[in-house]
Amino acid sequence: MDFHHLRTDTAFDLDLTLSSGQFFRWKPYKSGYLIQDAQKCFIIWQRNSDLEYTSVCGKVSSQYLTDFFRLDDDLEQIFSRWNDSSVRKAFSRYKGLRLIRQDPWECALSFLCSMASNIPRITQNINTLATRFGASTQTPYGSFSRLPTPEQLAEVSLEDLYNAGVGFRAKYLYGLAKSGLHLESLRDEDYKTAKATLLSIKGIGDKVADCILLFSLDHLEAFPVDTWIMQALQTWIFPDLSGSPAQFAEQARKHFGAFAGYAQQYLFHHARAIL
DNA sequence: CTCCAGGAGTATC
DNA sequence: GATACTCATGGA
C-alpha cells in the first residue's frame, strides 16, 4: 500500500478530535483509525506531529486532510480573544482539539439522528444508513459501505427508513432527502440566511441547524446549544442569565464572536468530562 | 418496570 | 412567547 506523511506544525490531537462527538464514521484500526468521510475512506495514524495515512477508497491527499481537520485554523489566535476561565482551562486541557470540516450531507444526516439520542447510538444509526442504503465498495482492507447519496436516499421508502432503527427521526430523514436542498450552496451565504434555509426543513431546529453550519459549512459563528452546553453556559459563562436555549445561544454568539463555534466545541468537551 | 437521551413539531393558553 | 405533550428506540 501507498503510505504518505503529513507534518502538522500546529497543535493537533487526532484522538481527541475524533472522539469529541462532532463526527461519527470512524473506528480504531491497528493503533490508528479508519475514517469514512462521505464517499471517501482512509486509514490514519498520528505520532507526535506526524500524520501517516493511506487511501482505502477515494483520493486522499495532504491538502484534503488539511481541509478536513482544519489544520490551517490558528487555535492560539482564535482563543487569544477569550478570557473566560472555563474556556481558557478547556483550551489548555484539550490541546489540539479541532473542529472537523465534514461533508454537509453526512453532517445533516448525523445530526438529524442526534436529536434526543446519544453518541453511540448516533454512530450506530449513521452506519446502519450506510449499510442498508449506500453502495458497497470492495477494497484491499475489506468491504465498506458508503453513505447513501441524496439521490440514493430519496429512493428509500419511509417504511424502510423506520425499519432502520432511527425511530421518529425517519420522517425527518425522509423529508430532507425528498427536499432536494443543495446544502453546499449554503457555504457561501451569510450565517443567518443559511440558517433560515436549514430551518425550513422539518426536523431541523436551532441546534441541528447550528451543528450543520458549524461542522460542515464553515460558519464558525454558529453556536449549537444542547443540554450539555446549556449547563456549561449557566454554570461557567452566564451564571446570572436565565432564559431559553435560543437566548443563551444568542448571548454566546455575541460574547464569543466570529469563532464562537470553537468555544462551543471546547466547552462541550469540558462539560461532558466534568459536569 | 421506569427514566432518559448533542431536539423539534404541534397544540393551547 | 411560554409551557406541555408527543415522537421511537435502546440502554441504564
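Residue numbering restarts at 1 for every chain, and letters A, B, ... go by the order of the sequence lines.
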- Whichever of I204(A) and V225(A) has its nearest DNA chain B nucleotide further upstream toward 5': V225(A)

- Message: Just to be sure I understand the rule, does Q264(A) reach a base, reach only the sugar-phosphate, or reach nothing, if contact means heavy atoms closer than 4.0 Å?
- Response: base

- Task: Check every strand shown and say whether F268(A) touches a base, only sugar-phosphate, or nothing at a heavy-atom separation below 4.0 Å.
- Result: base

- Query: With rounding to whole Å, what would you report as the distance between dG9(B) and dG10(C) at their C1' atoms?
  - Reply: 23 Å

N/O donor-acceptor pairs under 3.5 Å from side chains in residues 222-233 of chain A, not counting sequence neighbours:
residue	atom	partner	partner atom	Å
D226(A)	OD1	W228(A)	N	3.0
D226(A)	OD1	I229(A)	N	2.7

- Message: A quick test of your reading: do over 12 heavy atoms of other residues, nucleotides or ligands sit less than 6.0 Å from NZ of K89(A)?
- Response: no

- Message: Applying salt bridge (Lys or Arg N to Asp or Glu O under 4.0 Å), can you list everything that pairs with E184(A), at least two apart in sequence or on another chain?
- Response: R187(A)

- Query: If you look at every strand shown and take non-hydrogen atoms under 4.0 Å, does R169(A) touch a base, only sugar-phosphate, or nothing?
  - Reply: base

- Task: Taking the six-membered ring for Trp and the single ring otherwise, decide whether the centroids of Y53(A) and Y64(A) are under 6.0 Å apart.
- Result: no

- Mind checking what makes ring-ring contact (aromatic ring centres under 6.0 Å, His included) contact with F24(A), not counting sequence neighbours? F111(A)

- Write down the distance separating the P atoms in dA11(B) and dA8(C), rounded off to the nearest Å. 15 Å

- Specify whether W26(A) and Y33(A) have parallel, tilted or perpendicular ring planes, treating 30° as the upper limit for parallel and 60° as the lower limit for perpendicular. perpendicular

- Determine, stepwise, if the pair R98(A) / T17(A) fulfils side chain to side chain donor-acceptor pair (under 3.5 Å). CA-CA 6 Å; R98(A) 284 173 184 275; T17(A) 298; over 6 Å; no

- Considering only the P atoms, how many Å lie between dA4(C) and dG6(B), rounded to the nearest integer? 22 Å

- E250(A) has an atom CD; how far is it from atom C1' of dG1(C), in whole Å? 16 Å

- Message: Within the 4.0 Å heavy-atom criterion, would you say S110(A) contacts the bases, only the backbone, or no part of the nucleic acid?
- Response: nothing

- Query: Between dG10(C) atom C1' and F168(A) atom CZ, what is the distance in whole Å?
  - Reply: 13 Å

- Given the rule that a pair is Watson-Crick or G-U wobble with both distances under 3.5 Å, how would you write DNA chain B in dot-bracket, using | for pairs to a different strand? .||||.|||||||

- Who pairs with F248(A) by ring-ring contact (aromatic ring centres under 6.0 Å, His included), at least two apart in sequence or on another chain? none

- Task: Looking at every strand, decide which applies to G203(A) at a 4.0 Å heavy-atom threshold: base, sugar-phosphate, or nothing.
- Result: sugar-phosphate

- Message: With a strict under 4.0 Å distance from non-hydrogen atoms of chain A, what nucleotide opens and what nucleotide closes the contacted stretch of DNA chain B, reading 5' to 3'?
- Response: dA5(B) to dT10(B)

- Between D210(A) and Y191(A), is any side-chain donor less than 3.5 angstrom from a side-chain acceptor? yes

- Item | Comparing A116(A) and Q124(A) on DNA chain C - which has the more 5′ nearest nucleotide | A116(A)

